[in-house]
Amino acid sequence: MELLALVLIPFIAAMLLLAFRPAAMARGIALVSTLLSFALVLWLWYSWNGSMVIGVSHDWVPAWGMRFVLGYGGIGLLMLILTGLLFPFIIGTGYKQPVGDPSLVNALLLFCQSALFGVFLAQNAFLFYVFFELSLIPIFFLLMFWGGAHKRSITIRFFLYTLLGGLALLFSVAYVTLQTPVPHSADFTALAALDLPMNVQVWLFWTMFLAFAIKMPIFPFHSWQPETYTMAPTQGTMVLSAVMGKMGLYGIVVFLFTIVPEGALHWSSWVIGISLFGALYAAVIAFRQNDFKRMIAYSSMSHFGLMCAALFTWNAYGISGTLYQTLAHGVLMVCLFYIVGAVAQRTGSTDFAGMGGLKTKMPRMALLFMFVTANAIALPLTQSFVGEWLMYNGLWQWNNWTAFAGVALIVLGAIYMLYAYQRVMLGPDRAIDVTDADDEEHFFLVPLIAITLLVGIFPNVILHVVDGPVQQLLNSFTSLP
Amino acid sequence: MSALILISVLAVLVLYLGLFGNKSWLAPIGVLGLLGAIALFASGWHIDHHLMGGMVKFDRFSIGFNIAMVAITVLIFLFGPDYYARAKDNVAEQYALMLFSLVGGFLLSSYTNLLMLFLGIEVLSIPLYILAGAKKNSLRSNEASFKYFLLGSFSTAFLLMGIALLYGLTGSFELTVLGEHIANAGSSDMLLNFGLFFTVTGLAFKMGAVPFHFWKPDVYQGAPTLVTIFMATVVMMAATAGFFRLIDVTGMPGMLAQIMVLLVLATLLVGNVIALRQTNFKRLMAYSSIAHSGFLLLALLTDEGLVEGHGTAVGRTLLYYTFTYSLATTGLFILFTIAKRANNGAEHNDIFRGLFAAKPWLALCALAMLLSLAGIPLTAGFIAKYQVFLLAIGAGWLKVMGFGVLMALLGIYYYFMVVRELFVRPDQPVTFVVSPLNWLVVSVCAVAVLVLGVWPSLI
């Protein structure tokens, strides 16, 4: 029942916002709703005993294996924590950096949260797909209404790109469902029990991977990402990078690793290759960007490349590291895009040309940004350090050369982040009139930085959640031929 | 049977009522009669009736299709009073012709004899030739009527040719005899292949499958919108049902499967690709209906013929697909008429601009129906496409189905070009005038599309 509530709370709150349009109180209502959801997630975490929990289970259309099953294991729980934790902050961004009609914006964000909870709770492949696509619709409108330059064409391109992946996934779901014994079932448990022949797994891997590769995005499927992130309103970018991209990683774990494990094993060196290449490529491009937001967009893509590569290393370090990093990356992206928004609000654009020398005018903001930068380049004691260290270990065990590429990524990451810091904050003083970070901005960034440090110092809090499921996955891999 | 007679008598009655010149009575009486027909059909739900010496069979499939066709006609009739509010004469004739055409639809969904197939197609089509030209002073309407008549009679000639060849082969018009012949004699016979080819050509023409689609955009655009709705919904359903009746007996012997694959590929490709460039909403809907007939043909392709139990799944899918498609199309065309009036008769896609600002509920309805046509989850259109995909995968047409997925993606693009217009602010303020009855019909269509999408087992 709590699981159904998790999907329904944001949905009902959004419907209320749409029906009554309380412009002044809209953000407050949305914030209360997201905090309520987060409290519920924390309670689920607290009461979780380490095994798979099935909360709701109803038949929907039995003939086609569609069932409404909600539940969560360790990996799903981590994703719920991510969604629950970040949405209050994403809603909170609207206080300081408002866009458009607050009731409508917050309603769309809440619809999106509802669908995302659904994705991470769904235990039926068809249900997963439905939520996977539904999460796209609110974002489509968010981008279409309040995007920046060329919003129409960019939004349509983003939408079609992700739908292409979605339809490929739907094709795969339909295919695997029909392979289950009669009566067909699309439940993940039933699909995991399938032992598909190798020649099928080899192509089925790609029709599924396409959806998730586009969602993250991974190298040759990324061309929608930089422009969409740059053009989207800050809150939209946050949702896309911090939470929706994670659906891709989560999908790889629940679809590829359980339904087509042999196919995943067969292609893993390819996937690691293109992911790492994409990560290095994005890092180099990030360095060359003249636009703050665009630079962060490329850095996000670089991180996703690394996470995807580590996920396919098939060892506990790599997989746990990636899962840990999903949370770290989410927190990091919310912080970074918030700072981009805050600075752009003061200088009038996200272009580096209009920035520089801001440190003397806004020393507090500079300090906060420094903390976030430290997290971005994975200094020890920050959250990203733990994740990246684990991922490098995983890559090292896979192959020395991939680890070398990983080390190159650390260096490149430090270069582009510090270079960006330099261009925004340091340099000769500008004669522009900007105000320093105010209470509200502290109230937003300080908790996130505190989480970064706390979880960075005590990583076991999170690692504990995914330990069991990761071991289980690895055990299922060792039994493969 | 009684429903068949009821509708025929109803049409004559409506025609006579027209003599009194009071057109406000026509639609209510028509709707009452149609509801009566639904009740009569529903009462015979569980029993198969054989009529006219076994040439017509009302079974579950045909009754389901008939009820769906009548239900859509009811929605169209409810739109009638508003649509014909300014028309002076010939209103009764148009209602009556639609009813006659509907009778043809009944025959198409329930024939078991090739002669009845021919009769059904003719009874369906001849009123349509007149209806398409109902705007006597409009050049486009005349063009539509003439074009439809010429091409339609041409395709009917093909159909007759096919039926004659099949008769020559089996010595009977009965479908069961044909089925037995295929089961015993195999499919290598040239006469059989040509006979089926010509028969399928005639049916594919009515569905608007490529390369028999050329009439569709011009006729949809030229015909009065109310008639366009009727052609896009009821006629489409009737043609699909008629096609299924044939395929369910013959299956896919030899060359027919290859021809059908070519039809499916060409229809999906041409329908979707040409729709991308359409700026006139009626033409867009015409190409979208061609694209949808591609998916329907894909479902038909999977029918194995006499294999027990398989045909019912295909039939149910076709019924669900065409019915939900018709609901969305009806609602959208009504909104189109409203928007066209608000924009002084323009038919361009951007006449929907400002609908969300002026009438948010109607814009949301339009959104739901467009999402359904595009096939986005939780709408009926999505479930319909998913069923077709399941059938195609189950029958092993994986590559054709992969092509269909790509084409569905193109479809999403052009529907979202219209969705975009709903939310754009217009250059000058536009006032949309909506009569309560239209509001009701549009709402019913949109809600039905969503409800059927969430609970697909209702059909």
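Here is how names work: the chains are called A, B, and so on, in the same order as the sequence lines, proteins then strands, and each is numbered from 1.
- One distance of note links CZ of B:R420 with CG of B:N349; it measures 10.0 Å at 0.5 Å rounding.
- Between B:F423 and A:F141, the ring-plane angle classifies as perpendicular under the 30° and 60° cut-offs.
- The side-chain heavy atoms of B:L332 and B:L373, taken from C-beta on, include a pair separated by under 4.5 Å.
- Side-chain atoms of B:N272 come within 3.5 Å of backbone atoms of B:L268 as a donor-acceptor pair (strictly under, hydrogens ignored).
- Side chains of A:V61 and B:Y386 form no contact here, defined as non-hydrogen atoms less than 4.5 Å apart.
- Side-chain contact between B:L296 and B:V388 is absent, with no heavy atoms from C-beta onward closer than 4.5 Å.
- Although no hydrogens or angles enter the test, the distance criterion places no donor-acceptor pair under 3.5 Å between the side chain of B:N343 and the main chain of B:A346.
- The contact list for residues 129-139 of chain A toward chain B, using heavy atoms and a distance under 4.5 Å, reads A:Y129, A:V130, A:E133, A:L134, A:I137 by residue number.
- Residues of residues 146-162 of chain A having a heavy atom under 4.5 Å from any heavy atom of chain B, listed by number: A:R152, A:I156, A:F159, A:L160.
- For B:F323 and B:F65, the gap between ring centers reaches or exceeds 6.0 Å.
- Ring geometry for B:H292 against B:Y321 counts as perpendicular: the plane angle is over 60°, on a 0 to 90° scale with 30° as the lower cut.
- Two residues are said to be in side-chain contact when any heavy atoms from C-beta on lie closer than 4.5 Å; A:L70 and A:L6 fail this criterion.
- Interface with chain B: from residues 101-124 of chain A, no residue qualifies, criterion being any non-hydrogen pair under 4.5 Å.
- For the atom pair CG (B:L364) and CE (B:M369), the distance works out to 10.5 Å, reported to the nearest 0.5 Å.
- Of residues 172-180 of chain A, those residues lying under 4.5 Å from chain B by any heavy-atom pair are A:V173, A:A174, A:Y175, A:T177, A:L178.
- Minimum interatomic distance between B:P456 and A:W60 (heavy atoms only, all atoms of both residues): CD-NE1, 4.0 Å.
- A 4.5 Å side-chain heavy-atom check between A:F209 and A:W267 finds every atom pair outside the cut-off.
- Ring geometry, B:F295 versus B:F389: the interplanar angle falls from 30° to 60°, so the pair is classed tilted.
- Ring orientation note: the planes of B:W439 and B:W361 are tilted relative to one another, at an angle of 30° to 60°.
- Both the backbone and the side chain of B:Y413 come within contact range of chain A, judged by heavy atoms closer than 4.5 Å.
- Between chain A and the residues B:V424, B:L398, B:I376, B:I383, the largest count of heavy-atom pairs under 4.5 Å involves B:L398.
- There is no contact between B:L410 and chain A, counting heavy-atom distances below 4.5 Å.
- Within 6.0 Å of CE in A:M198 there are more than 12 heavy atoms belonging to other residues, nucleotides or ligands.
- Between the side chains of B:Y414 and B:S288, no donor-acceptor pair of N or O atoms lies under 3.5 Å.
- Using a 4.5 Å cut-off between heavy atoms, B:L367 contacts chain A through its side chain alone, with no backbone atom that close.
- Note: B:F281 and B:F336 have parallel aromatic rings, judged against thresholds of 30 and 60 degrees for the angle between ring planes.
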